[in-house]
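Both backbone and side-chain heavy atoms feed into the values below; hydrogens, waters and symmetry mates do not.
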Amino acid sequence: MIFNIRIKDSEEAQKLNAIATKYPFDIWIHGKQGQADAKSLLGLMLMTMENEVKLVVEDDVDYKHLKKDIEPFMV
(Lines give C-alpha, C1' and ligand atoms only; values in the text may rest on other atoms or scores of the structure.)
Protein backbone atom coordinates (compact mmCIF):
# COMPACT_ATOMS: atom_id res chain seq x y z
CA MET A 1 0.00 0.00 0.00
CA ILE A 2 1.27 3.48 -0.86
CA PHE A 3 0.25 6.71 0.88
CA ASN A 4 1.26 10.17 -0.32
CA ILE A 5 2.40 12.18 2.68
CA ARG A 6 4.18 15.44 3.46
CA ILE A 7 6.82 15.88 6.17
CA LYS A 8 7.20 19.63 6.71
CA ASP A 9 9.88 19.84 9.39
CA SER A 10 11.94 17.92 11.91
CA GLU A 11 9.11 17.97 14.46
CA GLU A 12 6.80 16.16 12.04
CA ALA A 13 9.60 13.73 11.20
CA GLN A 14 9.86 12.87 14.91
CA LYS A 15 6.10 12.37 15.16
CA LEU A 16 6.04 10.10 12.11
CA ASN A 17 9.01 8.14 13.48
CA ALA A 18 7.16 7.59 16.77
CA ILE A 19 4.13 6.32 14.85
CA ALA A 20 6.20 3.98 12.66
CA THR A 21 8.02 2.40 15.59
CA LYS A 22 4.69 1.24 17.05
CA TYR A 23 4.13 -1.20 14.19
CA PRO A 24 5.86 -4.58 13.77
CA PHE A 25 6.00 -4.42 9.96
CA ASP A 26 8.37 -2.50 7.67
CA ILE A 27 7.42 1.05 6.75
CA TRP A 28 9.41 2.87 4.08
CA ILE A 29 9.55 6.44 2.86
CA HIS A 30 10.29 6.91 -0.85
CA GLY A 31 11.24 10.25 -2.36
CA LYS A 32 13.35 11.79 -5.11
CA GLN A 33 16.49 11.44 -3.00
CA GLY A 34 15.96 7.72 -2.43
CA GLN A 35 14.28 5.73 0.30
CA ALA A 36 14.51 5.56 4.06
CA ASP A 37 13.21 3.33 6.80
CA ALA A 38 10.44 5.27 8.58
CA LYS A 39 11.72 3.79 11.84
CA SER A 40 15.03 5.62 11.27
CA LEU A 41 14.81 9.17 12.55
CA LEU A 42 17.91 10.19 10.60
CA GLY A 43 16.38 8.85 7.39
CA LEU A 44 13.18 10.77 8.02
CA MET A 45 15.10 13.97 8.73
CA LEU A 46 16.70 13.70 5.31
CA MET A 47 13.28 13.37 3.71
CA THR A 48 11.98 16.61 5.27
CA MET A 49 13.74 18.47 2.46
CA GLU A 50 11.19 17.17 -0.02
CA ASN A 51 7.65 18.47 -0.38
CA GLU A 52 5.87 15.18 -0.91
CA VAL A 53 7.01 11.60 -0.35
CA LYS A 54 5.42 8.18 -0.42
CA LEU A 55 4.94 6.03 2.66
CA VAL A 56 5.05 2.38 1.60
CA VAL A 57 3.95 -0.75 3.46
CA GLU A 58 3.46 -4.28 2.18
CA ASP A 59 -0.03 -5.10 0.96
CA ASP A 60 -0.35 -8.19 3.14
CA VAL A 61 -0.17 -6.35 6.50
CA ASP A 62 -3.04 -4.83 8.47
CA TYR A 63 -2.40 -1.12 7.88
CA LYS A 64 -5.82 0.24 8.94
CA HIS A 65 -4.56 1.62 12.28
CA LEU A 66 -1.45 3.02 10.60
CA LYS A 67 -3.59 4.81 8.02
CA LYS A 68 -5.57 6.49 10.80
CA ASP A 69 -2.36 7.48 12.62
CA ILE A 70 -0.80 9.09 9.53
CA GLU A 71 -3.89 11.03 8.42
CA PRO A 72 -2.39 14.38 9.54
CA PHE A 73 0.51 13.79 7.11
CA MET A 74 -1.54 12.67 4.12
CA VAL A 75 -1.92 14.90 1.07
Does [X] reach the side chain of [Y], with side-chain heavy atoms less than 4.5 Å apart?
X     : Y     : answer
Ile29 : Ile5  : yes
Asp69 : Lys22 : yes
Leu66 : Leu55 : yes

Under 4.5 Å between side-chain heavy atoms, counting indirect links through other Ile/Leu/Val/Met/Phe/Trp/Tyr residues: same cluster for [X] and [Y] or not?
X     : Y     : value
Ile70 : Tyr23 : yes
Ile19 : Val61 : yes
Trp28 : Val53 : no

Exercise for review: Not counting sequence neighbours, which residues clear ring-ring contact (aromatic ring centres under 6.0 Å, His included) with Phe73? List them please.
Suggested key: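 With sequence neighbours excluded, Phe73 shows a ring-ring contact (aromatic ring centres under 6.0 Å, His included) to no residue whatsoever.
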Euclidean distance, [Y] [atom2] relative to [X] [atom1], rounded to 0.5 Å:
X     : Y     : atom1 : atom2 : result
Arg6  : Leu16 : CZ    : CG    : 14.0 Å
Asp9  : Lys15 : CG    : NZ    : 8.0 Å
Ile27 : Asn17 : CD1   : CG    : 10.0 Å
Gln14 : Glu11 : CD    : CD    : 7.0 Å

I need the minimum non-hydrogen distance between [X] and [Y], along with the two atoms involved.
X     : Y     : answer
Lys67 : Met74 : O-SD, 4.2 Å
Met45 : Ser10 : SD-CB, 3.5 Å
Tyr63 : Val57 : CB-CG2, 4.1 Å
Ala38 : Ala20 : O-CB, 3.6 Å
Val56 : His30 : CG2-CD2, 3.4 Å

Exercise for review: Give every residue pair that meets the side-chain hydrogen bond (donor to acceptor under 3.5 Å, both in side chains) criterion with at least one member in residues 53-62, sequence neighbours excluded.
Suggested key: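 side-chain hydrogen bond (donor to acceptor under 3.5 Å, both in side chains) check on residues 53-62 returns Asn4-Lys54.
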